[in-house]
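Written below as C-alpha cells is the structure these notes are about.
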Amino acid sequence: QVQLVESGGGLVQAGGSLRLSCAASGRTSSAMAWFRQAPGKEREFVAASSWSGGGTYDADSVKGRFNISADNFKKTVYLQMNSLKPEEPARYYCATGRYGAISREYTYWGQGTQVTVSS
C-alpha cells in the first residue's frame, strides 16, 4: 500500500520561505503533487511533478514563487515555498497519481501539514 507523510509545515512570516517534504512508501503512481486547503475553502492544486523529473507544473497562483521537486532515490517530493502571502495559510497535502492539476487524478493522499503565515 501507499503511504505519504508530509512534514515541514509551521509558522512563517509573510514574504518568508518554507520547504515541505513528502516521504512516500509503497508503489506510488508516476506523478506527485501538492494541494492545499484553507478553512472554508475548496482544496486547490499547487504543483505537480513526475518522479522521473521529466516535467513540473505549477498553479498560476504560485508560479514563480513555489518550486516542486521529486527525488526518486529518496522517494521524497518537496515543495519549496517562497514569498509566502498572508492569504496562503492552509493545510498542504501530498498526493500521488496521474500527472495533472485535478484532484481526482490522484489516488493516494497524505494527512497534510499545516502552514500558517503571519502578517
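Not measured: the values here are computed from a predicted model.
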Shortest non-hydrogen contact from [X] to [Y]?
{"X": "Ala70", "Y": "Ser49", "result": "CB-OG, 4.0 Å"}
{"X": "Tyr92", "Y": "Val46", "result": "CE2-CG2, 4.3 Å"}
{"X": "Ala24", "Y": "Met32", "result": "CB-CE, 4.4 Å"}
{"X": "Gly97", "Y": "Tyr106", "result": "N-CD2, 3.3 Å"}

Discussion item. I need the Ser119 OG to Lys85 NZ distance, nearest 0.5 Å.
Written reply: 16.0 Å
Item to complete: Any chance you could measure Ser29, atom OG, to Glu105, atom CD, to the nearest 0.5 Å?
Response: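 Rounded to the nearest 0.5 Å, the OG-CD separation comes to 10.5 Å.
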Take a 6.0 Å sphere around [atom1] of [X] and say whether it holds more than 12 heavy atoms from other residues, nucleotides or ligands.
{"X": "Lys74", "atom1": "NZ", "result": "no"}
{"X": "Gln114", "atom1": "CD", "result": "yes"}
{"X": "Glu87", "atom1": "CD", "result": "yes"}

Decide whether [X] and [Y] are clustered together by the hydrophobic rule: side chain heavy atoms of Ile, Leu, Val, Met, Phe, Trp, Tyr closer than 4.5 Å, transitively.
{"X": "Leu4", "Y": "Leu79", "answer": "yes"}
{"X": "Tyr99", "Y": "Trp109", "answer": "yes"}
{"X": "Val117", "Y": "Met81", "answer": "yes"}
{"X": "Tyr108", "Y": "Tyr78", "answer": "no"}

Worksheet item: Is there any disulfide (SG to SG under 2.5 Å) pair reaching into residues 2-39, and which pairs are they, with sequence neighbours excluded?
Response: Cys22-Cys94
Worksheet item: Can you check whether Thr96 reaches Thr107 side chain to side chain, under 4.5 Å on heavy atoms?
Response: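 No, every pair of side-chain atoms sits at 4.5 Å or beyond.
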Worksheet item: Taking the side chain as C-beta and beyond, is there a heavy-atom pair between Thr116 and Val12 under 4.5 Å?
Response: no
Worksheet item: Does anything in residues 53-75 pair up under ring pair (Phe, Tyr, Trp, His ring centres under 6.0 Å), and if so which pairs, sequence neighbours excluded?
Response: Phe45-Tyr57
Worksheet entry | Residue list, side-chain hydrogen bond (donor to acceptor under 3.5 Å, both in side chains) with Gln13, at least two apart or on another chain |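 For Gln13 there are no side-chain hydrogen bond (donor to acceptor under 3.5 Å, both in side chains) partners, ignoring immediate neighbours.
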Worksheet item: Using a distance-only test with no angle check, is there a side-chain donor-acceptor pair under 3.5 angstrom linking Trp51 and Ser30?
Response: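 On atom types as modelled, these side chains do not qualify, holding no pair under 3.5 Å.
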Worksheet item: How about Asp71 and Thr76: does a side-chain donor come under 3.5 Å of a side-chain acceptor?
Response: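 Side chains of Asp71 and Thr76: no pair found under 3.5 Å.
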Worksheet item: Below 4.0 angstrom, N of the basic side chain to O of the carboxylate: do Glu88 and Arg65 qualify?
Response: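 Arg65 and Glu88: salt-bridged.
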Worksheet entry | Passing option when Arg36 is tested against Val62, Leu20, Val115 for side chain to side chain contact (heavy atoms under 4.5 Å, CB included) | Val62
Fill in: Arg43 NZ/CZ over Tyr93 ring centroid, <6.0 Å and within 45° of normal
yes
